[in-house]
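Keep in mind that this is a model prediction, so the values were computed, not measured. For the numbers below, each heavy atom of this structure counts, side chains included, while hydrogens, waters and symmetry mates do not.
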Amino acid sequence: MSATKAGLAITNAADLFAAAYQIEADAVERYELLAGQMETFNNSELAAVFRDLARAETIHRDEIRRLAADEEIESRAKTVAKWEGDSPEQVDLAAMHYLMTPWQALQLALEGEKRALDFFQRIASSTSDPEIKKLADEFVAEEAEHVDLVYSLLRKYPKPGESWDYDPDPATPQG
Ligand code: ZN
C-alpha cells in the first residue's frame, strides 16, 4: 500500500517522529468524526468510546511532539508524510456519506489502526538504525493495543444484517 513507500523512505528519527505525529493527529480527527457520527445516531455509548480514543491519540500525539523536541515537526510531517493516498490513520471520508452503524464505524476505526500498525511494523522490520527500531517497536505496541481494543468492541457491536455489502478486511485474522 502507499503508506509502505512513505514508511520505507524514513531514514532518521526526526522524520519518523514527524510521520508518527501526523499519524496520531489524523487518528484524533478520525475518532472525533466517528464520535460525531455515533452522536448523530444516538449511540452515546460508542460515541463515548470514540471520544476516549480521540483523547488517547491526542495524548500520544503530544507525547510524540515532546519526545521529538522538534519545533518544525508539523511542517516536517507535511514533507515526510506524503502518502500517495491518505495518511495511514486517516478515516475514509467518502465512507462518512453513508448512514453508519456502530459496526461500520468500528470497521473504519479498525482499518485506520491496522494501517498505522502496518506502517510502524514495516519501519521496525526494515530499518538498520537501532534508535529507529526501538521507537518503531514502541509505536507498534501502541497501535497493536488499539487494534485489539477495536476488535473487542466489534465483539460487542457485531455485523448487522446481510444487506450490508461492506467488506472491510477479510484477510487478516486476529493473531
Ligand atoms: Zn492508533
Between the side chains of E32 and R51, is the shortest nitrogen-to-carboxylate-oxygen separation below 4.0 Å, so that they form an ion pair?
no
For the residue pair A14 and R76, what are the closest heavy atoms and their distance?
O-CD, 3.4 Å
Tell me, do E143 and E24 make a side-chain contact under 4.5 Å, heavy atoms counted?
yes
I'd like to know if R30 and E113 make a salt bridge, using a cut-off of under 4.0 Å between side-chain N and carboxylate O.
yes
Tightest non-hydrogen contact, residues V150 and Y31, listed as CG2-OH, 4.1 Å
Can a donor-acceptor pair be found between the side chains of Y21 and E74 at a distance below 3.5 Å?
yes
Not counting sequence neighbours, which residues clear side-chain contact (heavy atoms from CB on, under 4.5 Å) with D129? List them please.
T127, E131, I132
Salt-bridge present (E57, R61; N to O < 4.0 Å)
no
Between A18 and V80, which heavy-atom pair has the shortest distance, and what is it?
CB-CG2, 4.5 Å
Which label fits F17 and F139: parallel for a plane angle under 30°, tilted from 30 to 60°, or perpendicular past 60°?
perpendicular
Of all the heavy-atom pairs spanning I73 and A68, show the shortest one and how long it is.
CD1-CB, 3.7 Å
Please answer: with hydrophobic residues joined when any side-chain heavy atoms are less than 4.5 Å apart, are I23 and I59 in the same cluster?
no
Linking I/L/V/M/F/W/Y whenever their side-chain heavy atoms sit closer than 4.5 Å, directly or via other members, would L67 and I123 fall into one cluster?
yes
Of the non-hydrogen atoms in L16 and A136, which two are nearest, and what is the gap between them?
CD2-N, 4.2 Å
Check: residues 42-50 side-chain donor-acceptor pairs under 3.5 Å, at least two apart:
| residue | atom | partner | partner atom | Å |
| --- | --- | --- | --- | --- |
| N43 | OD1 | E45 | N | 3.4 |
| N43 | OD1 | L46 | N | 2.9 |
| E45 | OE1 | Y157 | OH | 2.7 |
| E45 | OE2 | K156 | NZ | 2.6 |

Are K133 and D137 close enough for a salt bridge, meaning some N to O gap below 4.0 Å?
yes
Taking the basic N atoms (NZ, or NE/NH1/NH2) and the acidic carboxylate oxygens, is any pair closer than 4.0 Å for R115 and D118?
no
Supply the atom-to-atom distance E63 CD to T58 OG1, rounded to the nearest 0.5 angstrom.
11.0 Å
Rounded to the nearest 0.5 Å, the OG1 atom of T101 sits from the NZ atom of K159 at a distance of 10.0 Å
Sub-4.5 Å side-chain heavy-atom contact between L110 and L106
no
Nearest-0.5 Å distance that lies between atom CD in E72 and atom NZ in K78:
12.0 Å
Any side-chain heavy atom of L149 within less than 4.5 Å of one from L53?
yes
